[in-house]
Amino acid sequence: ARIELLEAFQSMAKREAIKRCVERKTAECYQHFYQELNVVKKQFDQQRRHPPIHPTLPKYAGAAMWALQLSKRLDKPMSFLKEAKHYLPVTADAAEVETVRDLSKSGG
């Protein structure tokens with residue numbers, strides 16, 4: 001919903017004050033996603049040796065399902081940001097999130 005509002009205001013932003021506000025709110029969206037990314041990374045790092053899996057699941061399949069669930073937690077917000085990058089202003093936060101996303105996709 002935030003990104004949709006930013007899209008609407010970006011298209012109407014003719015005055016400098018509105019443009020700055022849209023840029024600031026865009027940066028906040030990226031910062032919020034980056035914080036969520038760090039929470040997921042921290043959770044993964046802390047629990048990867050002994051992931052919380054249901055006792056009826058096989059060890060490795062359960063661990064894979066747990067890791068997949070963590071990854072999927074980021075999919076929806078990332079897809080919104082990816083679609084929105086074409087019409088939102090470019091910010092340093094956007095570049096940082098894109099770099100982290102590329103690193104995570106390459107396994108680094």
Side-chain angles (χ1 to χ4, degrees):
R2 282 184 185 184
I3 294 174
E4 291 163 346
L5 283 174
L6 287 173
E7 176 186 12
F9 279 103
Q10 175 67 19
S11 65
M12 297 185 311
K14 304 292 183 227
R15 296 186 350 219
E16 275 306 308
I18 295 174
K19 288 180 183 179
R20 283 193 308 270
C21 182
V22 169
E23 288 174 7
R24 188 174 62 248
K25 294 299 181 182
T26 299
E28 287 176 15
C29 283
Y30 279 105
Q31 288 168 359
H32 180 71
F33 177 76
Y34 192 70
Q35 289 171 349
E36 183 68 15
L37 186 68
N38 284 330
V39 166
V40 169
K41 183 184 181 319
K42 183 177 179 181
Q43 184 178 358
F44 177 79
D45 289 342
Q46 289 175 344
Q47 297 178 328
R48 73 176 168 184
R49 299 259 185 242
H50 304 287
I53 59 174
H54 194 274
T56 61
L57 292 175
K59 180 180 178 180
Y60 296 110
M65 287 177 64
W66 168 77
L68 184 62
Q69 175 268 329
L70 285 178
S71 176
K72 287 185 180 255
R73 180 174 164 182
L74 299 171
D75 284 348
K76 190 172 182 178
M78 187 65 220
S79 68
F80 281 135
L81 290 174
K82 190 174 181 181
E83 289 175 22
K85 78 177 188 177
H86 302 293
Y87 54 80
L88 291 179
V90 177
T91 65
D93 299 300
E96 187 174 357
V97 165
E98 193 69 27
T99 300
V100 170
R101 186 184 68 84
D102 290 343
L103 287 174
S104 69
K105 293 291 182 187
S106 67

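What you see is a predicted model; the values in this text were computed from it and never measured.
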Which ILVMFWY residues can you reach from Met65 by hopping between side chains whose heavy atoms are under 4.5 Å apart?
->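 ILVMFWY cluster around Met65 also holds Leu57.
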So Lys72 and Asp75, side chain to side chain contact (heavy atoms under 4.5 Å, CB included) or not? Walk me through it.
-> CA-CA 5 Å; Lys72 287 185 180 255; Asp75 284 348; 3.8 Å; yes
Calculate, to the nearest 0.5 Å, the distance between atoms NE2 and CG belonging to His32 and Leu37 respectively.
->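 That separation rounds to 12.0 Å.
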Reported CZ-to-CG distance for the pair Phe33 and Asn38, which is rounded to 0.5 angstrom =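 The distance works out to 10.0 Å.
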Arg73: salt bridge (charged side-chain N to carboxylate O under 4.0 Å, His left out) partners, not counting sequence neighbours |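 Per chain and number, Arg73 pairs via salt bridge (charged side-chain N to carboxylate O under 4.0 Å, His left out) with Glu36.
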Could you note down all residue pairs passing salt bridge (Lys or Arg N to Asp or Glu O under 4.0 Å) where residues 42-61 supplies at least one of them, sequence neighbours left out?
->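 Those involving residues 42-61 are Lys41-Asp45.
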Pairs satisfying ring pair (Phe, Tyr, Trp, His ring centres under 6.0 Å), at least one member in residues 52-74, at least two apart |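 Counting only pairs at least two positions apart or across chains, the ring pair (Phe, Tyr, Trp, His ring centres under 6.0 Å) contacts touching residues 52-74 are Phe44-Trp66.
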Among Ile, Leu, Val, Met, Phe, Trp and Tyr joined by side-chain contacts under 4.5 Å, find the other residues sharing a cluster with Leu68 and list them by chain and number.
->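 Via sub-4.5 Å side-chain contacts, Leu68 links to none.
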Salt bridge flag under 4.0 Å for residues Glu28 and Lys25 |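 A salt bridge links Glu28 with Lys25.
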